[in-house]
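If you're wondering where the values come from, they're calculated on a predicted model, not measured in any experiment. Excluded from the calculations below are hydrogen atoms, water molecules and symmetry mates; all remaining heavy atoms, backbone and side chain alike, are included.
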Amino acid sequence: MTMRLYIALLTLFCTLFSFGQNTSSTFEIKNGEFYLNNKEFKIHSGELHYSRVPKEYWKHRLLMMKAMGLNAVTTYVFWNYHEEAPGKWNWSGEKDLKKFIKTAQEIGLFVIIRPGPYVCAEWDFGGYPWWLQNDKNLEIRTDNQAFLEECNKYIVQLAKQIKPLEIQNGGPVIMVQVENEFGSYAVQRPDISLDQHRTYSHKIKKMIVDAGIQSKLFTSDASSLFKEGSVLGALPTANGEDDVDRLKKSVNQYHNRQGPYMVAEYYPGWLDHWAEPFPRVSTEKVVAQSKKYLDNGVSFNYYMVHGGTNFAFWAGANYDNNHDIQPDLTSYDYDAPISEAGWATPKYNALRALFQSKSSEKFIEVPKAQPLIEFKDIKFTKSLPIFDFVKTIKPVVAAQPLTFETLGQGYGFVLYRTTVKKSEQGKLLIKGLRDYANIYVNGKWVGEVNRYYKKYDLDVQIPANAQLDILVENMGRINWGAEIVNNLKGIISPVLLNDTPIDGHWEMYRLPFDKMPKMNTNIQAFEAHQPIIKEATFTLKEVGDTFLDMRNFGKGIVFVNGRNIGRYWSKVGPQLTLYVPGVWLKNGKNTVQIFEQINDTDQTSISSQKEHIVDQLVSKK
């Protein structure tokens, strides 16, 4: 070993050792306040989920937060994002939590981790892996041994990622949340006693501590639900609380009669669903409430400061008072201060001005937005009808339709096929549809059924020995409330024809669309209502962010250069364009592929534009 190499290795070792042993920074809760290095500290945080932003843009978005005047970033960790299959964990690439945390530290932001295991967040199944439902002995979000064992596996894996980066180890992580909004769930599940609910939530806390996490713990609930949701030894923080006196009264009651006082979720915008108007929260309201927090010494976290995008199939679903499902948009713009594409909005500029007026330090400059490009009329040159594609797939055969979960499939589509032996005219009923389907008889489209609109039946006329096809889409698992325990997808009960079950022989073709199939066929003649995959290639001389214009299409998904950028449903809106990050485009040849389910118009090309359309409602629910 040369002396130069020896010195280099020694320097590297000392650097790593000092990082791991640095205990000069402390974060405490005492005397009713947060203390950073023995000085009173107020948390001014913004929520940003690394899983909703390309890794190449993490630094830009975090710099946007720093320039706005925030001192911390809060992020959910989605269990199902990292455990890709039972026991198969991925913390690399787009899923590199450590890199995200280190990037925040480089910029000068503290980090607050919200690991669940339940997270809500308009994310599929509230962050739970879909396959948990295949264990008949397991019940989620309760004091259930099978479920708690799975939770512990996750928390142990999580702890490996964040322990080296906690503040006492030289990192920026200062707080970790226990469960999430558990008070509301406890109230919605009166069939389980409060003592049982509290036993469960305290066991989650014990897992976090036993895994070696030393950060300060907190819970997050509406202030009226601290009784059900708070956990001994964890700071209760409030969601959506705009009344400072009510906040202080609630915290005092459940935290040794003293603060600190924190609103863990203040909403500068709101979520949206397909076929519903895009909600807006005025800049004036957000600035006034923020000023109230600042003037009263209340710590807070903007949910969301930057929403990002529900790429692929990660968008979840809520439900309304009638228990109708409400699938979430691909866009998670949230009307947040930083837009989906990372732009400074008027809301951002007003908040930055407010924070700057309260600070003696001059903020860093607002980072420039990513460059924008557009392309027009890119011609589709290849196509693959789904009914041709399924000929290459080996079906699963059973006497009754099987759920996605039983089929071992989490997301995407399943084609259910059977033969109706005798001629029938009447009503086809799929009460167990989850969630959206097109129906075909002998390859011809005869109609649509749709859980979203509670349309489960269809008048049909079927000749003898006809082939019946039902192409079912999973539109996202419920992520909130008591209905989260009912989250199977596909067809979950018998298909009825004139009140008689169709059984005996069903073929099920799995279409997970984890990737697009290779297409070697030139574009085919248009055939209305035939589900089809189309492909176009185009060349770019420069790359930048852009928005695919889906206004002339019906319903489906889009891949760009092999990445699933999300769902569209242009027949209803309000989202009519899809965000394509420039870092996922290439100088030179690019490929766009769409799977169009409705296919009622002959679309021969696709374009992009520089304007994002997320608020134009076409058809109401």
Side-chain angles (χ1 to χ4, degrees), residues 29 32 43 45 47 74 76 112-123 126-128 139-143 151 175-206 208 216-267 270-271 289 292-293 296 298-304 316 318-321 323 478-485:
I29 296 176
I43 296 171
S45 176
E47 188 111 1
T74 298
Y76 276 128
I112 298 170
I113 300 291
R114 308 179 74 187
Y118 164 76
V119 295
C120 187
E122 292 70 60
W123 189 265
Y128 292 132
E139 184 179 356
I140 65 168
R141 226 176 171 195
T142 60
D143 185 16
C151 288
M175 295 180 73
V176 173
Q177 186 175 322
V178 178
E179 239 276 351
N180 184 50
E181 299 176 317
F182 190 66
S184 62
Y185 186 70
V187 169
Q188 292 177 41
R189 291 293 304 274
D191 55 309
I192 301 174
S193 72
L194 180 56
D195 285 345
Q196 289 175 301
H197 280 306
R198 293 183 67 79
T199 297
Y200 158 73
S201 58
H202 282 75
K203 285 184 177 179
I204 294 296
K205 177 207 166 187
K206 186 176 186 300
I208 292 172
K216 297 305 173 187
L217 303 180
F218 70 103
T219 58
S220 177
D221 281 286
S223 59
S224 60
L225 296 170
F226 283 1
K227 176 182 177 181
E228 294 82 5
S230 60
V231 171
L232 292 174
L235 173 70
T237 67
N239 286 356
E241 183 57 81
D242 58 2
D243 187 318
V244 172
D245 291 336
R246 187 164 54 217
L247 168 68
K248 292 182 176 180
K249 181 179 179 181
S250 299
V251 173
N252 289 347
Q253 185 175 355
Y254 292 96
H255 194 250
N256 303 321
R257 301 191 180 280
Q258 59 182 4
Y261 307 109
M262 181 169 178
V263 175
E265 292 187 4
Y266 170 61
Y267 308 112
W270 195 243
L271 60 98
Q289 187 61 43
K292 184 187 294 186
Y293 292 147
N296 286 276
V298 172
S299 293
F300 56 89
N301 172 54
Y302 291 115
Y303 189 101
M304 302 289 296
N318 295 294
Y319 60 93
D320 61 22
N321 292 333
H323 286 230
I478 289 170
N479 53 251
W480 177 85
E483 286 296 319
I484 197 171
V485 299

Nearest 0.5 Å, what's the [atom1]-[atom2] distance between [X] and [Y]?
| X | Y | atom1 | atom2 | value |
| --- | --- | --- | --- | --- |
| K206 | S201 | NZ | OG | 14.0 Å |
| L232 | T219 | CG | OG1 | 10.0 Å |
| E47 | M304 | CD | CE | 5.0 Å |
| Y319 | N479 | OH | CG | 10.0 Å |

Return the minimal non-hydrogen interatomic distance between [X] and [Y], and the atom names on each side.
| X | Y | result |
| --- | --- | --- |
| A238 | L247 | CB-CD1, 3.5 Å |
| Y118 | G481 | OH-N, 4.3 Å |
| P260 | I29 | CD-CG2, 3.5 Å |
| I192 | E139 | CD1-OE2, 4.5 Å |

Any side-chain heavy-atom pair of [X] and [Y] under 4.5 Å:
| X | Y | result |
| --- | --- | --- |
| M262 | F218 | no |
| L235 | L217 | no |
| L225 | V187 | yes |
| V485 | T142 | no |
| Q177 | I112 | no |
| V176 | P115 | yes |
| E228 | L194 | yes |
| H255 | S230 | no |

Do Y76 and N180 pass the side-chain hydrogen bond (donor to acceptor under 3.5 Å, both in side chains) test, and can you show the C-alpha distance, the side-chain angles, and the key distance before you say yes or no?
CA-CA 10 Å; Y76 276 128; N180 184 50; 3.0 Å; yes
Under the criterion side-chain hydrogen bond (donor to acceptor under 3.5 Å, both in side chains), I'd like the reasoning laid out for T74 against S45: C-alpha separation, chi angles, the key distance, then a yes or no.
CA-CA 6 Å; T74 298; S45 176; 2.8 Å; yes
For K227, salt bridge (charged side-chain N to carboxylate O under 4.0 Å, His left out) partners two or more places apart:
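Checked K227 against salt bridge (charged side-chain N to carboxylate O under 4.0 Å, His left out); zero matches.
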Out of R114, R141, K203, which one pairs with E179 under the side-chain hydrogen bond (donor to acceptor under 3.5 Å, both in side chains) rule?
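It is R141; the other options fail the test.
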Who are the ring pair (Phe, Tyr, Trp, His ring centres under 6.0 Å) partners of Y293, not counting sequence neighbours?
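Per chain and number, Y293 pairs via ring pair (Phe, Tyr, Trp, His ring centres under 6.0 Å) with Y266, F300.
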Please name all residues satisfying ring pair (Phe, Tyr, Trp, His ring centres under 6.0 Å) with Y303, sequence neighbours left out, ordered by chain then number.
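Testing Y303 for ring pair (Phe, Tyr, Trp, His ring centres under 6.0 Å), a comparison that skips the adjacent residues, returns H49, Y334.
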Please enumerate all residues that pass side chain to side chain donor-acceptor pair (under 3.5 Å) together with S193, with sequence neighbours excluded.
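S193 satisfies side chain to side chain donor-acceptor pair (under 3.5 Å) with Q196 only.
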Step by step, work out the side-chain hydrogen bond (donor to acceptor under 3.5 Å, both in side chains) result for N252 and Y261.
CA-CA 9 Å; N252 289 347; Y261 307 109; 2.7 Å; yes
Pairwise side chain to side chain donor-acceptor pair (under 3.5 Å) hits with a residue in residues 234-244, at least two apart
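For residues 234-244: E181-N239, S220-N239, S223-E241, E241-R246.
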Y267 and Y302: CA distance, side-chain angles, deciding distance, side chain to side chain contact (heavy atoms under 4.5 Å, CB included) verdict
CA-CA 6 Å; Y267 308 112; Y302 291 115; over 6 Å; no
Donor-acceptor pair, side chain of K205 and main chain of V231, under 3.5 angstrom
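No, because the side chain of K205 does not come within donor-acceptor range (under 3.5 Å) of the backbone of V231.
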Indicate yes or no for a side-chain donor-acceptor contact from D221 to the backbone of F226 under 3.5 Å, with no hydrogens or angles considered.
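Between the backbone of F226 and the side chain of D221 there is no qualifying donor-acceptor contact (under 3.5 Å).
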Just do the side chain to side chain contact (heavy atoms under 4.5 Å, CB included) check on I484 and I140 with the steps written out, would you?
CA-CA 9 Å; I484 197 171; I140 65 168; 3.8 Å; yes
Hey, could you give me each pair passing ring-ring contact (aromatic ring centres under 6.0 Å, His included) that has a residue in residues 176-205? Not counting sequence neighbours.
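Qualifying pairs: F182-H197, F182-Y200.
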Carefully, step by step, assess I204 and C151 under the rule side chain to side chain contact (heavy atoms under 4.5 Å, CB included).
CA-CA 8 Å; I204 294 296; C151 288; 4.3 Å; yes
